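I have placed the structure first, in the form of structure tokens, so that the comments after it can refer back to it.
Not measured: the values here are computed from a predicted model.
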2 protein chains.
Amino acid sequence: MEELDRQIVELLVADGRMSYTDLGRATGLSTSAVHQRVRRLEQRGVIRGYAAIVDPEAVGLPLTAFISVAPFDPSAPDDIADRLADVPEIEACHSVAGEENYILKVRVATPGALEHLLARIRSLAGVSTRTTVVLSTPYEARPPHL
Amino acid sequence: MEELDRQIVELLVADGRMSYTDLGRATGLSTSAVHQRVRRLEQRGVIRGYAAIVDPEAVGLPLTAFISVAPFDPSAPDDIADRLADVPEIEACHSVAGEENYILKVRVATPGALEHLLARIRSLAGVSTRTTVVLSTPYEARPPHL
DNA sequence: GCTGAAAATAGACTTGC
DNA sequence: GCAAGTCTATTTTCAGC
């Protein structure tokens, strides 16, 4: 990727609502030039979208956990991700190499909610789980180092 | 949190660049009313900011991994998060309950880069590591279920 | 806390380099 | 691929309820 695009992406990751005017000032381009580049970055899929960053605690989800899952029957076709796709507490689902098949990142309100969530995941996907509770998060969702 | 605020947050998480005009249409409020509410949500820290969502593969970081770390000397004061704060490959750092002290999420370009990163983390923070490589990511960074 | 309107800004689009 | 200019939409502020 080009230096100019790299710079634009970095600026938009830091502030997704930055105006094209300011992006132009920061990069030395005209408004229409950055606008054009941003649109190309969006079309190429480099920029997938824009989102407000929400504090999970502030919206009542203070408890974060990682759940490693492994299927009861390892020979069965693996449709675990699909089976869990509609569980809203699951923020991320990664297929991984290692003892377990997936790592899930979940957010819930209370330990009780985590207990129910684990039961739901086990029965929905036919998996055993190993849960690691997050105590605190020094940092998270830092921008990629382009 | 109030229903109207919940709705606004949900809309802004889905599209961080949505205009106040459109937010007003979607919620039935006037432009200035939503604007006011958004500002209060920002001030209260419910909305921490806005960011462009970037495809890590498209910016040359196709390899994601989780690294669990535990200090060589568990009796030493724990400044691991601080010591690792300036390592740009680390996207997230969670203090966790369990066998290890922290779970790091990292993104790198190649297996070789991961090898160097692990060495750097071990020497910087004085920790042993256990690495789980991500094979694929069915979904990630889904909005919190308000 | 919401509305509605006015003024300031920024966005979208076109044309020419 | 970029700059300049025009037209439209949005942001922002404020008086009034």
Side-chain angles (χ1 to χ4, degrees), chain A residues 1-62 109 140-146, chain B residues 1-62 109 140-146:
Chain A
M1 198 165 51
E2 212 181 323
E3 165 61 20
L4 225 38
D5 285 338
R6 199 196 57 76
Q7 213 175 328
I8 290 170
V9 168
E10 208 160 77
L11 288 162
L12 281 174
V13 166
D15 177 7
R17 300 204 72 150
M18 196 170 186
S19 73
Y20 296 115
T21 311
D22 288 343
L23 283 171
R25 268 197 279 272
T27 55
L29 289 175
S30 71
T31 305
S32 36
V34 280
H35 194 176
Q36 215 168 253
R37 277 173 181 272
V38 169
R39 269 211 295 251
R40 275 194 16 245
L41 288 165
E42 290 169 355
Q43 283 178 336
R44 279 195 285 153
V46 176
I47 295 175
R48 282 202 289 216
Y50 302 88
I53 309 300
V54 172
D55 180 358
E57 294 195 24
V59 297
L61 298 169
E140 188 176 11
R142 296 204 307 186
H145 65 298
L146 313 176
Chain B
M1 199 166 51
E2 209 180 326
E3 166 60 19
L4 267 168
D5 285 339
R6 201 196 56 76
Q7 213 174 330
I8 290 170
V9 168
E10 208 160 76
L11 288 162
L12 281 174
V13 167
D15 177 7
R17 300 205 70 150
M18 196 169 187
S19 75
Y20 296 116
T21 311
D22 289 343
L23 283 171
R25 267 197 280 274
T27 56
L29 289 175
S30 70
T31 305
S32 30
V34 281
H35 192 184
Q36 214 168 253
R37 278 174 181 269
V38 169
R39 270 210 296 249
R40 278 199 8 250
L41 287 166
E42 289 169 353
Q43 283 178 337
R44 278 195 286 153
V46 177
I47 294 176
R48 280 202 290 218
Y50 304 87
I53 310 300
V54 172
D55 180 359
E57 295 197 23
V59 296
L61 299 169
E140 188 177 10
R142 296 204 307 188
H145 65 298
L146 311 176

Polar atom pairs between nucleotides 13-17 of chain C and protein, under 3.5 Å, N or O only, would you list them?
none

How many angstroms lie between [atom1] in [X] and [atom2] in [Y], if you round to the nearest 0.5 Å?
| X | Y | atom1 | atom2 | answer |
| --- | --- | --- | --- | --- |
| Asp22(A) | Thr27(A) | CG | OG1 | 10.5 Å |
| Leu29(A) | Ile8(A) | CG | CD1 | 6.0 Å |
| Ser19(A) | Arg17(B) | OG | CZ | 8.0 Å |
| Glu42(A) | Tyr50(A) | CD | OH | 3.5 Å |

Handout entry: Sub-4.0 Å heavy-atom contacts from residues 17-25 of chain A onto DNA chain C, ordered by number
Key =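 Correct list: Ser19(A), Tyr20(A), Thr21(A).
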Exercise for the section: Give the nucleotide from the list dG1(C), dG1(D), dA3(D) with an atom nearest to the side chain of Arg40(A). Expected result: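 Given the options dG1(C), dG1(D), dA3(D), the side chain of Arg40(A) is closest to dG1(D).
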Problem - Listed nucleotide nearest any side-chain atom of Thr31(B), set dC2(D), dT3(C), dT11(D) - result: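 Between dC2(D), dT3(C), dT11(D), the one nearest the side chain of Thr31(B) would be dT11(D).
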Practice task
With sequence neighbours left out, write down each residue that passes side-chain hydrogen bond (donor to acceptor under 3.5 Å, both in side chains) with Arg44(B), or none if nothing qualifies.
Solution key: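 In terms of side-chain hydrogen bond (donor to acceptor under 3.5 Å, both in side chains), with neighbours along the sequence ignored, Arg44(B) is linked to Asp5(B).
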Practice task
Quickly work out the Tyr50(B) OH to dT11(D) C1' distance and round it to whole Å.
Solution key: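 It works out to 13 Å between those atoms.
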Exercise for the section: Specify the separation, in whole Å, of atom CG of Leu4(B) and atom P of dG1(C). Expected result: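 Interatomic distance, CG of Leu4(B) to P of dG1(C): 11 Å.
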Handout entry: Any donor-acceptor N or O pair under 3.5 Å, side chains Gln36(A), Tyr20(A)
Key =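 Judged by distance alone, the side chains do not pair up.
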Problem - Salt-bridge criterion met for Glu10(B) and Arg6(B) (N-O under 4.0 Å) - result: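 Yes, this pair counts.
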Practice task
Decide, yes or no, whether a salt bridge links Arg37(A) with Glu2(A) under the criterion of side-chain N to carboxylate O below 4.0 Å.
Solution key: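 Salt bridge: yes.
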